[in-house]
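Here's the structure, in structure tokens; my notes come after.
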Amino acid sequence: MSLLTPPAADPVRGEADPVHPGETAPVRHDAVAPVRPGDATDPVRPGADVPYDNRFSAFVHRTSRAGGLVVQPRMGFAEIPVMRDGLLGVRAARAASVGTITLDSYTRVNDHDSARDALRTGAELNGFPLVAHGAGTTRAMLTGVTGPDFPVQVRHGSALPYPLFEAMVEAGVDATEGGPVSYCLPYSRVPLTEAVDAWSRCCELLAAQERQMHLESFGGCMLGQLCPPGLLVALSVLEALFFAEHGLRSISLSYAQQTHAGQDLEALAALRRLAGERLGDLDWHVVLYTYMGVYPRTPVGSFRILEDSARLAVRSGTERLIVKTPAEAHRIPTVQENVDALEFAAYVADDEARHGRPRQTTSTGVYEEARMLVDSTLELAPTVGAALVRAFARGHLDVPYCLHLDNANRARAYVDPAGLLRWRDPGAMPVTADPAAGRDPLSAQGLIDMLGYNERRFDREQLTRVNHPQGSLT
């Protein structure tokens, strides 16, 4: 079966026409549901049958119950008409899609004057300047576009997002993402203590709203690549606990596709298990990111890695998938390229749910490592925020290759010959290095080779006509 044929019908919105705000979404009862919490590897999540008060979360859970996968682009445009048309295009996609408003670089660092100047002069921006446009303008743009059957999430990348959150709340958007660690260490020079304090106030702002707000941890995506899964899972859970500590009741936990499908399945099972154990009766779900590192440059290679991420999402019981497009190795994708990626991912997910093979997972101790990191971090201080600050100050948590001054940057990871991501040197972290790892210093060329692992692997498939690359799900 060719995976480049037209996508199948959306299990939530019906055959041809998208469901518009205010309409009732038909549910397809013949869909084959993917693996969900409650199977042999996942505990039944408390509160799974209670109603969800946040419309973003409610849409995700409704799609999941119907056997579907929510797909989401990373998309942001500076001009109001273009951003609105982009959201309308995503809403009309043949997929169970949610909208994204990704903010520009000036807005992320709270340089709103420069964003306003760019709007006035027509200078190019790489996203939507939410604060510069103003909440009223943003709310008007979303009128008639978003609603219960097409929720929208603001994505930003800011270590100090309070002004962004104020504008978002006023504009009527009720879902966003990030975290005190995940949007501080990789993207800013802001001291971690300052980011933790800012995110505490941001969470409390969201928790104080009359309508329930949804917040997604970006902790499972640190640097996008070369961070072993145990640490990714631990950081996602720790940020979720931080959100809950500050009053949030609707949360999602993230994980980014890495270099070995079986290890990714193991990591996602560990994330679901820990979330079920630690988040009690909170409303939560899991979001998977299509590989965030150096991306394949050939069109077929790009679609193949996206295909693997969609199959991974279904096989792991993940509810939401953030997609990438082939254009992202070269430039910012167009609306149509985003829609094509969404529809392709939705088609692959439907194919996997109907005809997928049994899961093949690794057993590398991801759950045990992540649980130990969560527990030992929480023992360092009476609050999650203080524990995170202390853990990084001691090197007890240490993101490999991250240059932020509050990260020890002593830990090192590597991709082994089988494609598994392992610890080469844990630094001061209480984890064990792979005995097979060499003790020689990692060379610059060795680091470059690891960074390009997935690019070479999936592009080589097209060039050599190899149908089943190492670590692939298909």
Side-chain angles (χ1 to χ4, degrees), residues 70-76 100 102-103 108 153-159 161 175-188 192 195 199 214-243 251-261 263-268 270-272 274-275 284-295 305-306 308-310 312-313 316 318-324 328 345 366 370 373-374 388 392 397-404 407 411 413 415 421 450-451 453-454:
V70 171
V71 290
Q72 181 175 0
R74 310 177 214 197
M75 187 175 70
T100 303
T102 301
L103 306 189
R108 294 171 191 173
Q153 182 187 43
V154 166
R155 308 189 66 86
H156 54 92
S158 177
T176 189
E177 44 78 60
V181 173
S182 59
Y183 269 3
C184 175
L185 297 189
Y187 302 129
S188 79
L192 183 58
W199 275 88
H214 182 87
L215 185 54
E216 169 199 323
S217 164
F218 198 67
C221 306
M222 296 294 294
L223 295 187
Q225 55 186 333
L226 297 187
C227 186
L231 181 57
L232 293 179
V233 170
L235 288 173
S236 196
V237 171
L238 285 165
E239 284 198 336
L241 292 171
F242 176 88
F243 299 160
I251 295 167
S252 48
L253 303 93
S254 64
Y255 179 78
Q257 178 188 18
Q258 297 296 321
T259 53
H260 192 284
Q263 191 178 40
D264 287 340
L265 279 170
E266 181 186 359
L268 286 161
L271 180 59
R272 301 195 73 90
L274 277 169
W284 62 268
H285 68 267
V286 172
V287 53
L288 172 67
Y289 284 69
T290 299
Y291 186 62
M292 297 174 64
V294 179
Y295 213 60
I305 198 169
L306 175 57
D308 264 24
S309 71
L312 174 64
S316 62
T318 296
E319 292 91 345
R320 180 160 55 98
L321 174 69
I322 309 292
V323 309
K324 289 185 73 172
E328 289 182 56
V366 173
L373 289 173
V374 169
L388 285 167
F392 278 100
L397 296 177
D398 185 357
V399 179
Y401 313 108
C402 175
L403 301 179
H404 192 283
N407 184 66
V415 180
L421 191 52
M450 287 193 300
L451 291 171
Y453 180 86
N454 269 347

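Only heavy atoms go into these numbers, but all of them, side chains included; no hydrogens, no water, no symmetry mates. Starting from 1, each residue takes its place in the sequence as its number.
Legend: residues meeting ring-ring contact (aromatic ring centres under 6.0 Å, His included) with Tyr289, ordered by chain and number and at least two apart, are Phe218. Applying the ring-ring contact (aromatic ring centres under 6.0 Å, His included) test to Tyr255 and every residue at least two apart in sequence or in another chain returns nothing. For Ser236, there are no side chain to side chain donor-acceptor pair (under 3.5 Å) partners, not counting sequence neighbours. For Thr102, there are no side chain to side chain donor-acceptor pair (under 3.5 Å) partners, not counting sequence neighbours. With sequence neighbours excluded, the residues forming a side-chain contact (heavy atoms from CB on, under 4.5 Å) with Ala234 are Ala370, Leu373, Val374, listed by chain and number. Partners of Phe392 according to the ring-ring contact (aromatic ring centres under 6.0 Å, His included) rule, which considers only residues two or more places apart in sequence or in another chain, do not exist here.
Contact annotation: the side chain of Ser309 approaches that of Leu321 to within less than 4.5 Å [non-hydrogen atoms, C-beta and beyond]. Annotation: side chain of Pro400 is in contact with side chain of Leu231 (closest heavy-atom distance under 4.5 Å). Side chains of Ile251 and Ser217 form no contact here, defined as non-hydrogen atoms less than 4.5 Å apart. Looking at heavy atoms from C-beta onward, Val237 lies in side-chain contact with Leu241 at the 4.5 angstrom threshold. Contact check for His404 versus Pro186: no side-chain heavy atoms found under the 4.5 Å cut-off. Proximity of Leu238 to Leu397: side-chain heavy atoms (C-beta onward) are separated by under 4.5 Å at one or more points.
Heavy-atom minimum distance, Ser254 versus Gly220: OG-N, 3.0 Å. Contact between Gln225 and Tyr291 at its shortest, heavy atoms only, is OE1-OH, 2.6 Å. The nearest pair of heavy atoms linking Pro73 to Val323 is CA-CG2, 4.2 Å. Of all heavy-atom pairs between Ala345 and Val71, the closest is CB-CG1, 4.1 Å. Across every non-hydrogen atom of Val366 and Ala270, the tightest pair is CG1-CB, 4.0 Å. Of all the heavy atoms in Asp398 and Ala411, the pair that sits closest is OD2-N, 2.9 Å.
The main-chain N or O of Met75 is never found under 3.5 Å from a side-chain atom of Thr100 such that the two would form a donor-acceptor pair. Thr176 contributes a side-chain N or O that, together with a main-chain N or O of Val154, makes up a donor-acceptor pair within less than 3.5 Å. Looking at Trp199, its side chain never comes within 3.5 Å of a backbone N or O of Pro161 through a donor-acceptor pair. For the pair Glu239 (side chain) and Val181 (backbone), a donor-acceptor distance under 3.5 Å is present.
With 3.5 Å as the limit, one finds no donor-acceptor pair spanning the side chains of Gln258 and Gln263.
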- prompt: Checking side chain to side chain contact (heavy atoms under 4.5 Å, CB included) for the pair Leu253/Val287: CA distance, chi angles, key distance, verdict?
  reply: CA-CA 6 Å; Leu253 303 93; Val287 53; over 6 Å; no
- request: Go through Leu306 and Lys324 one step at a time and tell me if the side chain to side chain contact (heavy atoms under 4.5 Å, CB included) criterion holds.
  value: CA-CA 7 Å; Leu306 175 57; Lys324 289 185 73 172; 5.9 Å; no
message: Working note: Thr318 + Leu312, criterion side chain to side chain contact (heavy atoms under 4.5 Å, CB included); need CA distance, chi angles, decisive distance, verdict.
response: CA-CA 8 Å; Thr318 296; Leu312 174 64; over 6 Å; no
- request: Take Thr290 and Asp308 through the side chain to side chain contact (heavy atoms under 4.5 Å, CB included) test and state the conclusion after the steps.
  value: CA-CA 9 Å; Thr290 299; Asp308 264 24; over 6 Å; no
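Put simply, OH on Tyr187 and OG on Ser182 are 8.0 Å apart, with the number rounded to the nearest 0.5 Å. To the nearest 0.5 Å, atom CG of residue Leu192 and atom CG of residue Asn407 are 9.5 Å apart. Distance CG/Leu232 to SG/Cys227: 4.0 Å, rounded to 0.5 Å. Interatomic distance, Leu226 CG to Thr259 OG1, rounded to the nearest 0.5 Å: 8.0 Å.
Applying side-chain hydrogen bond (donor to acceptor under 3.5 Å, both in side chains) to Tyr183 and the options Arg108, His156, Glu177 leaves one that passes, Glu177. Exactly one residue among Met292, Gln72, Gln257 makes a side chain to side chain contact (heavy atoms under 4.5 Å, CB included) with Ile322. That residue is Gln72. Paired with Ser252 under the rule side-chain hydrogen bond (donor to acceptor under 3.5 Å, both in side chains), one option of Gln153, His214, Glu319 passes, and it is His214.
Within the structure, salt bridge (charged side-chain N to carboxylate O under 4.0 Å, His left out) contacts touching residues 215-229 (residues at least two apart or in different chains) are Arg155-Glu216, Glu216-Arg320.
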